[in-house]
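Handing you this structure, nothing more for now.
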Amino acid sequence: MKKYGLSAIGNQLKTQTYPLWILIGTVFFPLLLFAQSPAPYGALPSERQLKWHETEFYGLVHFTPTTFENKEWGYGDASPSIFNFKKFHAKQLAKTAKAAGMKALIFVAKHHDGFALWPTTTSSYNIAYSPYKKGKGDLVKELSDAARKQGLKFGVYCSPWDRHDPDYGSPRYLETYRKQLEELYTHYGPLFMSWHDGANGGSGFYGGARETRSIDNTRYYDWENTWKITRQLQAEAAIFSDVGPDVRWVGNEEGHAADTSWATFTPRPPKGLHVAVPGQSNYTESPGGTRQGDFWMPAECDVPLRKGWFYHPGEKPKTAQELFDLYLKSVGHGAALDLGLAPTTEGRLHAEDVRELRQLGKTLRRVFRKNLAQKAEIKASNTRTGDFSATYLTANQPGKYWATEDNERESTLFISFSRPTSFDLIKLEEYIPLGQRVAHFQIEIQEKGEWITIAKGASIGAKRLIKLPRLTNTERVRITLRAPVSLTLQSIGLYRS
């Protein structure tokens, strides 16, 4: 549908003659409709952040020469000659990620060892100097092409710390790092995410110096200007680091956010700086966010599928059930789940990894295939005047949501079934374009005429999944919500897991 602003409407009116009542209605009726919407509350998500929220679950792919050394972190001294997948199975990796329920992949194009997995012009320590495809390989391209063929979004991580580069610690290296970002941003299509961390120096090869180098991680990378490259070349890419600016680190590598999880956050800048920078992540509020924080900065929960981020033969993958539990505690707490995937030295995911990932995908599809609430009647104790019906809560219509009048800051939703219905998983979603508003929820079921509380909490946000300890069988469900402003809710779901 084409959208018109008031200027466009005005231009049309100049060309034709209309009765006065039509002129007035044409100009002011859209304003009246807009005025009916609840006022935004607090920090709000950008368009790129809303698209990131839709992604929910994605993978972070790790391999470098250290894969062939069975190390977790490379020192930067491994010879390019050891990097030689017999065949890199990009299609297998992308198909498995999709089968697991992921919607995107982020590729570690360069880890701390400094080995670039694309033929960069900035350094000879890259895949062009390896035996892989006789020096003609480009693994960033192979994986980005494979991901997109499977309908997955694609993102990149390029480590700021480089244990190989002899210039690391000097201004010359910052120029190299920025050039590497420019190459990744301009040669591989649109990116949904540019992933960064605060890796900031220590022992390394450094071109043969074999020493320890320290930097001032608050200033060395000049993140404000470095991230301007991202905004200029990949404007739709969400920037991740432990302090945002678009997505924050949850503060652990265990794959879960706090039970009370706010998408808003107020990072603290180091002394002498006016903005926070990566590498300053020792915030006690990172797992849960900051209630009424200054910025919309939701959490990403990163966790490797195995114990380490790189493939090690002695490790086993997490089971599908363990992964489903992490999904509930990350995506189900309004955050995202970023799962580490590590190909073997053969260039493919291990069969055990594939088995658990595929089983996870089957579980997710089975559990969320049928929303039992769609068979129920939903009524609200208060509904805002206008197009904000409670029926939208199970309609799956983008942009449609239930809302209360401005003076109604507590309201109850009544869900009624025609017969007793069993469920053990509840989904609630706020309409986050207007902010994270709900500060308390309570869910009750009716048994023998009595209302019994089965769940309660504080935050909802983009998505809240509440797993009950057992199946609940009832004809009536009551959900009470409270907020400091009028309420909005986009979706309700009841599922049998």
Closest heavy-atom contact between Ile492 and Thr394?
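Looking at all heavy atoms of both residues, the shortest contact is O-CG2, 3.8 Å.
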What class does the angle between the rings of Phe88 and Phe85 fall in, given that below 30° is parallel, 30 to 60° is tilted and above 60° is perpendicular?
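It falls in the parallel class, under 30°.
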Going through the distances and angles, do Tyr58 and Phe192 end up as a ring pair (Phe, Tyr, Trp, His ring centres under 6.0 Å)?
CA-CA 11 Å; Tyr58 43 90; Phe192 91 102; 5.3 Å; yes
With a 4.0 Å cut-off on N to O distance, would you call Arg464 and Glu430 a salt bridge?
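Here Arg464 does not pair with Glu430 in a salt bridge, since their nearest N and O are not under 4.0 Å apart.
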Centroid-centroid distance, Tyr495 to Phe368, less than 6.0 Å:
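That pair passes the under 6.0 Å test.
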Side chains of Trp52 and Glu300: donor-acceptor distance under 3.5 Å anywhere?
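No, no side-chain donor-acceptor contact under 3.5 Å.
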Using ring pair (Phe, Tyr, Trp, His ring centres under 6.0 Å), reason through Tyr401 and Tyr392 one step at a time and then give a plain yes or no.
CA-CA 6 Å; Tyr401 57 97; Tyr392 289 136; 8.3 Å; no
Donor-acceptor pair, distance only, cut-off 3.5 Å: does the side chain of Lys103 make one with the backbone of Glu54?
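Side chain of Lys103 to backbone of Glu54, a donor-acceptor pair under 3.5 Å: yes, one is there.
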Gln292 and Trp262 side chains, donor-acceptor separation under 3.5 Å:
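Side-chain D/A pair, Trp262 to Gln292: absent.
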Rounded to the nearest 0.5 Å, what's the gap from CZ on Arg348 to NE2 on His89? Could you check?
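It is 4.5 Å, given to the nearest 0.5 Å.
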Roughly how far, to the nearest 0.5 Å, is the CG atom of Asp353 from the NZ atom of Lys316?
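Between atom NZ of Lys316 and atom CG of Asp353 there are 9.5 Å.
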When you look at Phe240 and Tyr157, which way does the ring pair (Phe, Tyr, Trp, His ring centres under 6.0 Å) test go after all the steps?
CA-CA 10 Å; Phe240 164 88; Tyr157 163 58; 9.1 Å; no
Are a donor atom and an acceptor atom from the side chains of Tyr177 and Asp167 found within less than 3.5 Å of each other?
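No, no side-chain donor-acceptor contact under 3.5 Å.
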Run the salt-bridge test on Lys110 and Asp162 with the 4.0 Å N-O cut-off and return the result as yes or no.
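Result for this pair is yes, salt bridge flagged.
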Could you verify whether a donor N or O on one side chain and an acceptor N or O on the other, from His53 and Trp296, lie under 3.5 Å apart?
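Yes - a donor-acceptor pair under 3.5 Å links their side chains.
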Stepwise side chain to side chain contact (heavy atoms under 4.5 Å, CB included) check, Thr264 with Met297:
CA-CA 5 Å; Thr264 53; Met297 198 181 292; over 6 Å; no
Which residue in the set Leu326, Leu337, Leu323 passes side-chain contact (heavy atoms from CB on, under 4.5 Å) when paired with Phe57?
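Among the candidates, only Leu337 passes.
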Compute whether any side-chain donor of one residue and acceptor of the other, for His112 and Ser159, lie under 3.5 angstrom apart.
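Looking only at side-chain atoms, Ser159 and His112 do form a donor-acceptor pair, the distance falling under 3.5 Å.
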Measure the acute angle between the ring planes of Phe154 and Phe107, then classify it against the limits of 30° and 60° as parallel, tilted or perpendicular.
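Taking Phe107 first and then Phe154, their aromatic rings sit tilted (interplane angle of 30° to 60°).
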State whether a side-chain donor-acceptor pair under 3.5 Å links Trp249 with Asp302.
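Judged by distance alone, the side chains do pair up.
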Of the non-hydrogen atoms in Ala128 and Pro119, which two are nearest, and what is the gap between them?
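For Ala128 versus Pro119, the nearest heavy atoms are CB-CB, 4.2 Å.
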Ring pair (Phe, Tyr, Trp, His ring centres under 6.0 Å), that's the test. Do Phe83 and Phe68 meet it? Break it down for me.
CA-CA 7 Å; Phe83 188 88; Phe68 297 86; 5.5 Å; yes
Does either side chain, that of Tyr185 or that of Ser194, offer a donor lying less than 3.5 Å from an acceptor on the other one?
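Indeed, the side chains of Tyr185 and Ser194 share at least one donor-acceptor pair under 3.5 Å.
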Enter the distance from Ile229:CD1 to Gln234:CD here, rounded to the nearest 0.5 Å.
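Going from the CD1 atom of Ile229 to the CD atom of Gln234 covers 12.5 Å.
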Check: Thr290/Glu285 side-chain N/O donor and acceptor closer than 3.5 Å:
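There is no such pair (donor and acceptor under 3.5 Å, judged by atom type) between the side chains of Thr290 and Glu285.
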In plain terms, say whether Lys467 and Asp424 are close enough for a salt bridge, that is, a side-chain N and a carboxylate O under 4.0 Å apart.
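Looking at Lys467 and Asp424, the cut-off is met.
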Let me confirm one number: the CD1-OG1 distance from Ile127 to Thr64, rounded to the nearest 0.5 Å.
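With rounding to 0.5 Å, CD1 (Ile127) is 11.0 Å from OG1 (Thr64).
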Check for a donor-acceptor pair, side chain of Glu315 on one end and backbone N or O of Gly308 on the other, with a separation under 3.5 Å.
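Confirmed, Glu315 side chain pairs with Gly308 backbone.
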